[in-house]
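Below, chain A is the first sequence line, B the second, and so on; all start at residue 1. Keep in mind that what you see is a predicted model, and the values were worked out from it rather than measured. Worth knowing before you read on, the calculation uses all heavy atoms, side chains too, and leaves out hydrogens, waters and symmetry mates.
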There are 4 protein chains.
Amino acid sequence: MTEQAALRAPRQDNRRRQLLAAAARRFAHQGFRATTIRDIAGDAGMLPGSLYYHFASKNDLLLAVYEEGVRRIAANVDRAAAGAADPWARLEAACTAHLETVLDRSDYAQVIVRVLPQDAQKVSDRLIALRDEYEGRFVRLVDDLALPNPSDRRNLRLLLLGALNWSQVWYRPAGDTPSAIARQFTRYFRRALERPEEVR
Amino acid sequence: MTEQAALRAPRQDNRRRQLLAAAARRFAHQGFRATTIRDIAGDAGMLPGSLYYHFASKNDLLLAVYEEGVRRIAANVDRAAAGAADPWARLEAACTAHLETVLDRSDYAQVIVRVLPQDAQKVSDRLIALRDEYEGRFVRLVDDLALPNPSDRRNLRLLLLGALNWSQVWYRPAGDTPSAIARQFTRYFRRALERPEEVR
Amino acid sequence: MTEQAALRAPRQDNRRRQLLAAAARRFAHQGFRATTIRDIAGDAGMLPGSLYYHFASKNDLLLAVYEEGVRRIAANVDRAAAGAADPWARLEAACTAHLETVLDRSDYAQVIVRVLPQDAQKVSDRLIALRDEYEGRFVRLVDDLALPNPSDRRNLRLLLLGALNWSQVWYRPAGDTPSAIARQFTRYFRRALERPEEVR
Amino acid sequence: MTEQAALRAPRQDNRRRQLLAAAARRFAHQGFRATTIRDIAGDAGMLPGSLYYHFASKNDLLLAVYEEGVRRIAANVDRAAAGAADPWARLEAACTAHLETVLDRSDYAQVIVRVLPQDAQKVSDRLIALRDEYEGRFVRLVDDLALPNPSDRRNLRLLLLGALNWSQVWYRPAGDTPSAIARQFTRYFRRALERPEEVR
DNA sequence: CATGAATGAGCCTTCATTCAT
DNA sequence: AATGAATGAAGGCTCATTCAT
């Protein structure tokens with residue numbers, strides 16, 4: 001990259017990115033409705049009206065945050081999964097990456113978990129599609145496991161992801177790390193799955 | 001109590017109850033911020049201003065809904081647990097009662113799961129206290145289990161309750177019943193706990 | 001009417017009427033888009049938000065002004081027409097009443113002439129219907145004339161009403177009175193109509 | 001003029017002309033206030049800010065459109081009048097040219113009829129002057145008529161022009177052509193004027 | 001008990017305009 | 001000549017809340 005390009009090109013994108021980051025932070029911490037355009041613009045050092053040069057509406061801003069969130073968490077999860085040898089290791093790596101991203105590394109990703117699509121009626125379809133696209137990964141990861149009782153798949157996936165996502169409610173940085181939590185949860189999950197239920 | 005009071009008191013209580021029920025329904029289905037005082041008053045057949053005769057603020061209304069929600073779900077859970085013989089059966093019965101109440105039987109209880117305390121800053125402490133009081137039951141239920149590895153307790157409780165609560169996000173009346181979900185989840189949970197982890 | 005009723009009943013209606021009057025005045029003098037809710041509320045001595053207790057939107061306010069305008073001008077025109085003996089006298093009386101109402105007596109009526117339905121997209125259909133309903137009177141008044149050449153009717157009606165309505169653009173209180181203008185215009189109109197065109 | 005200027009000047013003029021044409025079209029069809037600088041710049045393929053290189057303000061744009069409108073309609077009317085032999089034919093030709101230009105041939109001219117000077121406070125004086133200058137033609141055309149009753153002149157001119165201008169409100173391309181309307185109206189006008197009023 | 005009426009703060013958004021580049 | 005980016009004032013509207021009656 002020439003020095004000129006380094007100085008000029010990113011300018012526009014920078015402001016947009018700043019706004020997006022501010023929006024992600026606010027949406028993740030306060031929720032969608034409790035966040036005002038003034039908050040976001042203020043965080044990025046501009047006036048409310050100026051934000052509309054970069055985004056058409058608050059809904060569109062949420063959509064953009066969702067998109068970035070999916071991009072990031074999906075990239076982390078895919079990278080982590082790709083580095084693992086067998087299906088179980090792959091799932092564990094994916095879950096760890098998922099939870100680390102949500103809890104620690106990305107306001108964007110946290111928004112996907114925290115803000116419900118219904119909060120932005122006009123773009124809710126697209127938000128749902130983004131969520132679904134992302135979660136498809138876990139459908140496939142669970143499908144790859146060799147399970148004694150394959151019909152457990154759906155329920156167990158919902159249990160695992162639900163437990164991970166809910167941790168956002170009780171998680172405190174002072175306790176276990178996100179990756180420790182994810183690892184624990186996945187191991188319990190494995191124990192529950194690997195052998196058929198005993199007769200009681 | 002004079003006769004007059006006998007006639008009047010329950011009337012007043014009725015209106016309050018109607019408002020509370022309307023608030024619970026709205027908060028459960030739309031969330032706290034998306035619900036207006038107008039919605040709630042309208043559902044109870046009165047005007048917004050009239051609501052303030054019964055409740056001091058929207059926050060107070062939420063607090064009252066939370067209180068009623070805890071009262072109901074705790075009653076259901078306690079009753080279910082009391083009818084079971086051993087610790088594992090007790091936990092399963094409690095979880096089933098918990099999920100049935102949240103998903104099917106009580107808007108009040110659903111509010112506890114759906115509406116975050118931070119949505120009502122001024123009463124958030126009390127909302128948190130109510131949540132904690134209720135969840136204490138599960139701490140005790142899990143403590144009663146005879147586990148090979150007692151240090152799993154906290155994590156496993158968080159996993160189980162988180163998975164149950166998150167089901168509110170994906171639950172559809174057309175699929176498995178709440179009690180079926182709860183039973184399944186608890187059984188997986190049991191399988192994961194009863195046997196010590198193998199060496200891998 | 002009892003004194004109590006005199007004091008209490010009209011209260012609500014009074015404020016609504018004040019707002020309507022203020023809106024009519026502003027719309028008539030500044031046009032629809034140039035008038036702000038703040039202007040109108042301010043004229044009625046209240047805050048912008050308070051207006052919405054009485055009217056659901058700015059469009060609805062315009063609709064209400066139109067309705068009142070049609071009611072008033074129609075009443076004036078009908079009364080005037082009813083007092084005249086023959087068709088020509090009836091038309092002249094109606095035109096005089098029309099123009100007097102528009103120019104002198106009613107901001108409401110002036111709004112019908114000045115504000116185009118397209119200015120309020122969401123209610124434009126109803127605005128057009130109101131205009132049409134009113135103008136139907138003139139269709140009938142012209143139909144009642146005994147004309148040598150009946151096919152002139154439509155064009156001549158459009159000419160007469162157009163000329164009257166356009167006077168709003170050049171009319172100044174210092175010059176001819178509205179009724180003088182209307183009388184003059186109607187007489188020219190009559191002269192143009194009563195005998196078939198001569199060969200030139 | 002240097003060759004460079006010869007090449008450049010018209011380019012600049014082109015862009016200005018494009019903007020003017022876009023503004024005229026928008027103002028004629030949507031009105032002044034409903035048209036945004038964005039609309040106009042967009043129609044000319046540029047961004048809002050760029051427009052300000054060519055025009056100092058939205059008001060100035062309107063003024064320029066008015067000027068061009070007067071230039072065009074005046075040219076049409078003058079040419080038409082010049083081709084007619086006697087005063088009545090001259091008036092009829094002028095009216096036909098006026099209405100054709102307004103309804104069919106020029107967005108610029110339509111703006112003069114549709115957009116009220118008060119819509120642009122800061123230039124309203126000049127807008128009024130332009131209107132007056134143009135209408136002077138009709139004062140003269142009517143003055144040239146030999147009338148039994150000369151005092152009718154002003155009123156009849158206002159009636160005729162008003163009726164013509166108002167046709168913009170009800171005119172639909174599917175019905176009579178503008179020139180047919182203008183011819184009809186002028187003939188009625190002539191009939192009304194040529195004979196003294198009878199005693200009634 | 002309830003209502004009618006209003007408040008006031010704040011919300012999202014629009015838009016003419018500016019200006020460095 | 002034109003753009004990108006921002007401004008700032010204003011606009012329509014919402015909503016929890018108040019209070020005299």
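- Of the side-chain N and O atoms in Arg15(C), one or more sit less than 4.0 angstrom from OP1 or OP2 of dA6(E).
- For Arg72(A), the salt bridge (Lys or Arg N to Asp or Glu O under 4.0 Å) partners at least two apart in sequence or on another chain are Glu68(A).
- Atoms CD (Gln121(C)) and P (dG12(F)) sit 16 Å apart, rounded to a whole Å.
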Return one dot-bracket line describing DNA chain F 5' to 3' (Watson-Crick or G-U wobble pairs, both distances under 3.5 Å; ( ) same strand, [ ] crossing, | another strand, . none). .||||||||||||||||||||
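- Look at CG on Leu47(A): it is 15 Å from C1' on dC12(E), rounded to the nearest Å.
- Taking atom CG of residue Asp39(A) and atom C1' of nucleotide dG10(E), one finds them 11 Å apart after rounding to whole Å.
- Under the side chain to side chain contact (heavy atoms under 4.5 Å, CB included) criterion, Ala129(D) pairs with no residue at all, not counting sequence neighbours.
- Counting to the nearest Å, the C1' atom of dC12(E) and the CG atom of Asp60(A) are 13 Å from each other.
- An OP1 or OP2 oxygen of dA5(E) is reached within less than 4.0 angstrom by a side-chain nitrogen or oxygen of Tyr53(C).
- Going from atom CG of Leu51(C) over to atom C1' of dC15(F) covers 15 Å, rounded to whole Å.
- As rounded to whole Å, 11 Å separates atom P of dG11(F) from atom CD of Gln30(C).
- A distance of 11.0 Å separates CZ in Arg131(B) from OG in Ser124(B), rounded to the nearest 0.5 Å.
- Following rounding to the nearest Å, Met46(C) (CE) and dA6(E) (C1') show an atom-to-atom distance of 8 Å.
- Taking the side chain to side chain contact (heavy atoms under 4.5 Å, CB included) definition, one finds that Phe55(C) meets it with Arg16(C), Leu19(C), Leu20(C), Leu51(C), Leu61(C), Ala64(C), sequence neighbours left out.
- Evaluation of the side chain to side chain contact (heavy atoms under 4.5 Å, CB included) rule for Ala34(B) yields Arg33(A), Gln30(B) as partners, not counting sequence neighbours.
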Reading nucleotides 14-20 of chain E 5' to 3', which nucleotides get B (base under 4.0 Å from a protein heavy atom), which S (sugar-phosphate only), which -? BSSBB--
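- Contacts of Leu63(D) classified as side chain to side chain contact (heavy atoms under 4.5 Å, CB included), with partners at least two apart in sequence or in another chain: Glu67(D), Val123(D), Arg126(D), Leu127(D), Leu130(D).
- Regarding contacts with the backbone of dG4(E), every side-chain N or O of His54(C) stays at 4.0 angstrom or more from both OP1 and OP2.
- With sequence neighbours excluded, the residues forming a salt bridge (Lys or Arg N to Asp or Glu O under 4.0 Å) with Asp43(B) are Arg26(B), listed by chain and number.
- Lys58(D) forms a cation-pi arrangement with Phe32(D), by the criterion of a distance under 6.0 Å to the ring centre and an angle within 45° of the ring axis.
- Following rounding to the nearest Å, Leu19(C) (CG) and dC13(F) (P) show an atom-to-atom distance of 14 Å.
- Residues passing the ring-ring contact (aromatic ring centres under 6.0 Å, His included) test with Tyr108(D): none are found, sequence neighbours excluded.
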